[in-house]
Amino acid sequence: MGADAVDRIITFDKMAVPAVAEYKYWEARCEKLPKKIPWLFPPVPVEEEDRHYEELHRKYAPQLLDVYMKLGGFYYKSGQKVASNMGGFVPKIYQDVCQPFLNDIPARDPDEVRAVVEAELKRPREEVFKTWEEKPIGCASIGQVHRATLMNGQKVVVKVQNPEAERTFNGDVFALKTLMDVAMPQLSVAFDEIQKQFATEFDYRGECRNAIEIRENLKKAGYKDIIVPEVYPELCSAKLMVMEEISPSIPLHHALDEQAAQMAKQKGVSKEDFVAAEKARIEAEAQRLAKEGKVMESVSAGDYDKYIAVQRLKKWVLRWTVGWWSNEDEGIIVPMNAAKLVDDLLAVHGHEILIDGVFNADPHPGNVLYVDGKLALIDYGQVKRIDDEARLGFAKMILLVEAAIKVDPRVDPSVRPEVHERARKAIAAHARAIGMETEKDLDDSYYDQCVVYMGRMDAAFLYPRNVIQWSDWIQERDPLGNIDKVDYLVMVNTASMMLRGLGEMLQQYRNLAVCWRPMARQALEEKGMLQEVETEINSWIV
């Protein structure tokens, strides 16, 4: 730990300890005490419980933002996770308040940045870069990015590490881990793996190798609408990384924000009111459908393309007619193809995991750039590698989950109970085989976790709980055991829940097992294992 570790922990605890105490009090008062001693603590109505939690969220979310911004380092990374809100584990108020962590982290002093650059290059900056923009285009958890031009005129971006980031890392992790153990124990084991992965980011040479490898893998696989920037390894070092600039481009979350603002303007309301109204409408509809085991239908990529073509035609006609004396064409919104966007992101990461065994575990919206219908994927600090045994075991689980969901009574009430029971037992058996453990070793625990984390995390499979209540319920019923044999699943789930969370925000709901089924089949077929898995699945329906 750094010399100032104790001061940093105290600063964090001054905010965190009272917050945890208040949340735990209301959790006990509303959920646990009425069950254990109802004669002393009568049940709290859902509306009242929601009101108490809402007050706590509004009280502590701004405090969390202030403390995380003040401390920096690993707190920035934690803030990014909150802002991305993978899978809805964080209350919406916290997600909204923490949006600055995605692209508005304070910049470091230009002289400090120059010192790092020249120390890494071992020569004056001007000998390598023809131009250099002092104002960074983005600041992240351990570094910031500047536009520059090489001596040959090539436009590049340069990632420069904050020299203080690694020094403060261990103390920051200790403070956050202590909070996690008390406040959200169901995520504590996962947090251990995330912090281990984050610790690998302090040497940019590793990120350089990761980016080169994934770029080549995706190029070989033929993903034409996905861009991974070219890296200049001869200029990369432990604290410096140089890569091509993807231009023109815009961070995905900024593009989505601009689109929401346009839609709100068209309806004559503020962006905030528009987003809130849409969220309320979607949640109400999702809950209604959940009672029937259904999920909201999403607009397909093909239908989006048709609508986009119509909107472009309208815009063109208006521009070349009444557009000579008015700006009516500006009211025509040409949206992004949200379906294709989600499909592409899930397909690419499915390929990385199931075919290549090398994947980016941190695809939050700040690490995705929108490039005129294409997507550029950046930041390869948190790349996870999995061996063939784990990769193929996961591929089999994807196919089992995809088939099991089809015969789940929540999806098809007419399914014979014995068919669902065979599916449930098959998933539990394979979960044990690949190394998953829970304290009570219950079949239901393995089944519930696998069909949600690797299949459907929509309201129909969580009902009547939200995702936070569902994870609490899973932990309370049968806590997660040792994950050493399946630690890769933490990062797989982290990545997939970020992507599915983005999909839900765009009203693009996905069954992960369906999306990754083609890659899982390919992986197993290449090793001659597919027929055996399909035979096992077919045996459920006898």
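All values reported here derive from a predicted model rather than from experimental measurement.
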Which atom pair, heavy atoms only, marks the closest approach of [X] to [Y]?
{"X": "A301", "Y": "D343", "answer": "CB-OD2, 4.4 Å"}
{"X": "A523", "Y": "L392", "answer": "O-CD2, 3.5 Å"}
{"X": "C450", "Y": "V401", "answer": "O-CG2, 3.8 Å"}
{"X": "A61", "Y": "I93", "answer": "CB-CG2, 4.0 Å"}
{"X": "I378", "Y": "N360", "answer": "O-ND2, 4.1 Å"}
{"X": "H364", "Y": "M498", "answer": "N-SD, 3.6 Å"}

Please determine whether a side-chain nitrogen of the Lys or Arg among [X] and [Y] lies less than 4.0 Å from a carboxylate oxygen of the Asp or Glu.
{"X": "K406", "Y": "E402", "value": "yes"}
{"X": "D408", "Y": "R456", "value": "no"}
{"X": "D305", "Y": "K340", "value": "no"}
{"X": "E244", "Y": "R215", "value": "yes"}
{"X": "E534", "Y": "R521", "value": "yes"}

Quick one: do K440 and S445 satisfy side chain to side chain contact (heavy atoms under 4.5 Å, CB included)? Show the steps, please. CA-CA 9 Å; K440 298 179 182 177; S445 298; over 6 Å; no
Check whether any side-chain heavy atom of [X] sits under 4.5 Å from a side-chain heavy atom of [Y], and report yes or no.
{"X": "V533", "Y": "I537", "value": "yes"}
{"X": "Q262", "Y": "P335", "value": "no"}
{"X": "Y380", "Y": "V228", "value": "yes"}
{"X": "T535", "Y": "Q531", "value": "yes"}
{"X": "V368", "Y": "P251", "value": "no"}
{"X": "F461", "Y": "V451", "value": "yes"}
{"X": "Q475", "Y": "D472", "value": "no"}
{"X": "L489", "Y": "I483", "value": "no"}

Under 6.0 Å from the [atom1] atom of [X], do we count more than 12 heavy atoms belonging to anything else shown?
{"X": "E216", "atom1": "CD", "answer": "yes"}
{"X": "E418", "atom1": "CD", "answer": "yes"}
{"X": "R312", "atom1": "CZ", "answer": "no"}
{"X": "D372", "atom1": "CG", "answer": "no"}
{"X": "R209", "atom1": "CZ", "answer": "no"}

Spatial distance of atom [atom1] ([X]) from atom [atom2] ([Y]) [nearest 0.5 Å]:
{"X": "M336", "Y": "Y304", "atom1": "CE", "atom2": "OH", "answer": "9.0 Å"}
{"X": "T494", "Y": "K81", "atom1": "OG1", "atom2": "NZ", "answer": "6.0 Å"}
{"X": "L400", "Y": "M454", "atom1": "CG", "atom2": "CE", "answer": "10.0 Å"}
{"X": "Y370", "Y": "Q259", "atom1": "OH", "atom2": "CD", "answer": "8.0 Å"}
{"X": "Q449", "Y": "I427", "atom1": "CD", "atom2": "CD1", "answer": "12.0 Å"}
{"X": "C208", "Y": "M241", "atom1": "SG", "atom2": "CE", "answer": "5.5 Å"}

Can D356 and R391 be said to form a salt bridge (charged side-chain N to carboxylate O under 4.0 Å, His left out), step by step? CA-CA 9 Å; D356 301 326; R391 181 173 64 85; over 6 Å; no
Taking the six-membered ring for Trp, are H57 and Y53 parallel (under 30°), tilted (30 to 60°) or perpendicular (over 60°)?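 The arrangement is parallel - the two ring planes meet at less than 30°.
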Cation-pi check for Y446 against R432: NZ or CZ below 6.0 Å from the six-membered ring centre and within 45 degrees of the axis, yes or no?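 No cation-pi geometry.
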Between F274 and K267, is there a cation-pi geometry (under 6.0 Å to ring centre, at most 45° from the normal)?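 Not satisfied by the 6.0 Å and 45° rule.
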Side chains of Y76 and D172 only: does a donor on one sit below 3.5 Å from an acceptor on the other?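 Short answer, no.
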With distance as the sole criterion, is a donor-acceptor pair present between the side chains of E526 and Q522 under 3.5 Å?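 Result is yes, a qualifying pair exists.
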Hey, mind stepping through R510 and S298 against side chain to side chain contact (heavy atoms under 4.5 Å, CB included) and telling me if it holds? CA-CA 9 Å; R510 297 292 186 272; S298 303; 4.0 Å; yes
Could you point out which residue of D478, D444, N482, D443 forms a side-chain hydrogen bond (donor to acceptor under 3.5 Å, both in side chains) with T438?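 Exactly one pass, corresponding to D478.
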Do side-chain atoms of D362 reach the backbone of G381 as a donor and acceptor pair under 3.5 angstrom?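 Checking the backbone N and O of G381 against the side chain of D362, no donor-acceptor pair under 3.5 Å is found.
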Under the criterion salt bridge (charged side-chain N to carboxylate O under 4.0 Å, His left out), I'd like the reasoning laid out for K32 against E476: C-alpha separation, chi angles, the key distance, then a yes or no. CA-CA 11 Å; K32 296 181 178 179; E476 188 175 328; 5.3 Å; no
Would you please indicate yes or no on a ring centroid separation below 6.0 angstrom for Y23 and H52?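 Between Y23 and H52, which both carry aromatic rings, the centre distance is not below 6.0 Å.
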Please report the C-alpha distance between R500 and E504 in whole Å, then the side-chain angles of each, then the deciding distance to 0.1 Å, and finally whether the salt bridge (charged side-chain N to carboxylate O under 4.0 Å, His left out) criterion is met. CA-CA 6 Å; R500 285 187 287 171; E504 288 190 5; over 6 Å; no
